[in-house]
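Taking it in order: structure first as structure tokens, then the write-up.
Values reported hereafter were calculated over all heavy atoms of this structure, with side chains retained and with hydrogens, waters and symmetry mates removed.
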Amino acid sequence: MSSVLKVDAIQNTAGTSALTIDSSGRVLQPARPCFTATLTSGDISSTNDLVFNNEVFDIGGNYSTSTGKFTAPITGVYWLAWNITFNAQSGNKHIEIYKNASDISIQALSGMPSGNNEYQSTAISFAYQLTANDTIYAKVIGGAVEGASGRCSFSGYLLA
């Protein structure tokens, strides 16, 4: 037995739109958690949390510009990405990713030696399962992150 459900939209009982489908079959989920934040002030040095102070957008309001943490609103698999620019004069350059204040053994390293007059950029992205109310963030472990340029960002969205 097969059946076809023909609808253009799905809403919850309160009327909030959960899903729309256009005439070409494209699906839009307007409440899917998604955010991007950038760093636009001050360098962040070793052993400090990376707090991206400029929220570009934040569907669902789950990223905090005061703590630098994304809090998962629901249990699911999230795509997370950091783009980091290190100060060239800083020493051993890397960041580590933390979930609920515990290092999850994912790092982004910079291969440029100290003393070089150029900036060094690195990126890290991965899919990770989070439970509702888990927090995830990055911490500068070595070197200093170039903050005032807007070259650093943290993004994420719910995959499934």
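- For the side chain to side chain contact (heavy atoms under 4.5 Å, CB included) with Thr135, the qualifying choice from Asn62, Asn100, Thr67, Leu130 is Asn100, the only one to do so.
- When all heavy atoms are compared, the tightest approach of Val7 to Ile21 is O-CD1, 4.0 Å.
- When hydrophobic clusters are built by joining Ile, Leu, Val, Met, Phe, Trp and Tyr residues whose side-chain heavy atoms come closer than 4.5 Å, directly or via intermediates, Val77 is not grouped with Leu80.
- A donor-acceptor pair is defined here as one N or O able to donate and one able to accept, closer than 3.5 Å; no such pair exists between the side chain of Asp134 and the backbone of Ala72.
- Residues Arg26 and Leu28 have side chains not in contact (no heavy-atom distance under 4.5 Å, counting atoms from C-beta outward).
- Using a 4.5 Å heavy-atom threshold, the side chains of Ser125 and Trp79 count as touching.
- Cluster membership for Phe126 and Tyr78, using ILVMFWY side-chain heavy atoms within less than 4.5 angstrom, is shared.
- In this pair, Phe154 and Trp82 present their aromatic rings parallel. The plane angle is below 30°, not in the 30 to 60° band.
- Note on Val145: it does not cluster hydrophobically with Tyr98, by side-chain heavy-atom contacts below 4.5 Å among ILVMFWY residues.
- Between Ile84 and Leu50, the closest side-chain pair of non-hydrogen atoms falls below 4.5 Å.
- Of the options Thr38, Thr36, Thr65, a side chain to side chain donor-acceptor pair (under 3.5 Å) to Asn54 is made by Thr38 and by none of the others.
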**Prompt:** Could you go step by step and tell me if Phe35 and Phe70 meet the side-chain contact (heavy atoms from CB on, under 4.5 Å) rule?
**Reply:** CA-CA 9 Å; Phe35 73 96; Phe70 170 74; 3.3 Å; yes

